[in-house]
Amino acid sequence: MSWREILGVTSSTEAPYTHNSQNAQKTAELGNCADIANSAYRNSEQQSSKLLESLSDACRGLDITPTEVKEALAPEDIEDWHAGTISVETMATFAHSLVQRREMKQGKRPDHYTEQANCQHCGPIWSWFSGEVLGCPWCWNRTADKPIPRPCSVRCSDCIHFERIDHPHLGHCAKGEPEAISGLWDTDRHYCERFLPSPQQANNN
Ligand SMILES: [Zn+2]
Ligand SMILES: [Zn+2]
């Protein structure tokens, strides 16, 4: 994952980050990038301490460590940094984005995600933009089977997780969302972080 990809996903004009998490979650997929980076780089010890020094400036005031940011950098990012083509400001924006992504992975809506949008794959989502999209910042949560906070209520009849029983309206949630003994009513509206639109529903939009 390159910082360009990450910054491409998030807005570059973000609201100031506000502290609300002390959670130091480890991100396994970013660790792989670090391995590649390490093997790709010679003199890594000295280079790395220079990089960490610079990253500690970038991390100032953020709930993330320079090492965590370094591990998230792609090998080409680190090369760019050594070539002097990435500024501390860019690194700071990158660090900020990482903090935000970490919180989003935990199902937290970033403060500046105040608009309601609809992702074809995720359904109704919070975002900094409104409208219909084919992919969104919450798609990661969807593919990783993590909850997605919702701006509105949804209906089980529109959800891929709804398993109908031998009844015109009743069924069960394959994701184990809370339900009455009789099950869930397909057209009842409710808040659900596990909702995913059925293809049929997406086509109807
Ligand atoms: Zn999405
Ligand atoms: Zn549901």
Side-chain angles (χ1 to χ4, degrees), residues 1-15 17-18 20-21 23 25-33 63-64 68-69 71-74 77 93-164 171-179 184 186-205:
M1 178 75 66
S2 151
W3 66 268
R4 288 181 188 85
E5 292 173 56
I6 291 183
L7 297 188
V9 168
T10 56
S11 167
S12 56
T13 53
E14 291 165 331
Y17 170 72
T18 48
N20 55 4
S21 169
N23 200 322
Q25 180 195 346
K26 280 285 165 199
T27 46
E29 84 278 13
L30 298 176
N32 291 336
C33 298
D63 189 17
I64 191 165
E68 286 172 319
V69 176
E71 284 174 359
L73 289 169
D77 296 338
T93 309
F94 176 68
H96 179 173
S97 300
L98 289 176
V99 172
Q100 183 180 297
R101 282 166 63 88
R102 193 156 66 181
E103 295 194 342
M104 287 175 71
K105 285 177 183 181
Q106 295 158 7
K108 281 185 203 154
R109 175 180 68 87
D111 289 342
H112 64 293
Y113 278 33
T114 54
E115 301 290 320
Q116 176 180 340
N118 194 71
C119 173
Q120 187 182 348
H121 302 288
C122 302
I125 50 149
W126 285 111
S127 185
W128 70 90
F129 53 79
S130 58
E132 297 283 324
V133 286
L134 298 178
C136 77
W138 301 100
C139 282
W140 186 93
N141 292 51
R142 176 174 52 78
T143 55
D145 199 24
K146 304 273 186 193
I148 299 172
R150 303 295 180 179
C152 65
S153 61
V154 290
R155 299 183 309 178
C156 288
S157 58
D158 302 327
C159 179
I160 59 170
H161 299 132
F162 188 56
E163 293 176 343
R164 292 184 178 277
H172 297 289
C173 178
K175 284 293 171 186
E177 285 293 303
E179 55 182 61
L184 292 155
D186 58 0
T187 55
D188 274 355
R189 301 201 72 92
H190 63 284
Y191 179 84
C192 186
E193 300 194 333
R194 293 291 174 176
F195 173 88
L196 290 180
S198 61
Q200 206 179 353
Q201 157 76 4
N203 290 340
N204 288 345
N205 286 342

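In what follows, every heavy atom counts, from backbone to side chain, and hydrogens, waters and symmetry copies are set aside. Order of listing sets the numbers, starting from 1, for every ligand and every atom in it.
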Inset, instruction - Using the test side-chain contact (heavy atoms from CB on, under 4.5 Å), find all partners of Pro151 that sit at least two apart in sequence or belong to another chain. - result: Gln116, Pro124, Trp126

Legend entry - Working for side-chain contact (heavy atoms from CB on, under 4.5 Å), residues Cys139 and Cys119: CA-CA 8 Å; Cys139 282; Cys119 173; 3.8 Å; yes

Inset, instruction - Let me know which of His161, Glu179, Arg164, Glu177 forms a side-chain hydrogen bond (donor to acceptor under 3.5 Å, both in side chains) with His172. - result: Glu179

Legend entry - Partner residues of Glu193 under the side-chain contact (heavy atoms from CB on, under 4.5 Å) criterion, sequence neighbours left out: Pro147, Pro149, Tyr191

Legend entry - Close side-chain approach of Phe195 and Arg155, heavy atoms under 4.5 Å: no

Legend entry - Protein-derived N, O or S atoms lying under 2.8 Å from the Zn ion (ligand 1), waters excluded: 4

Inset, instruction - Go through the structure and list residues passing side-chain contact (heavy atoms from CB on, under 4.5 Å) with Asn141, not counting sequence neighbours. - result: Trp138, Lys146, Ile148

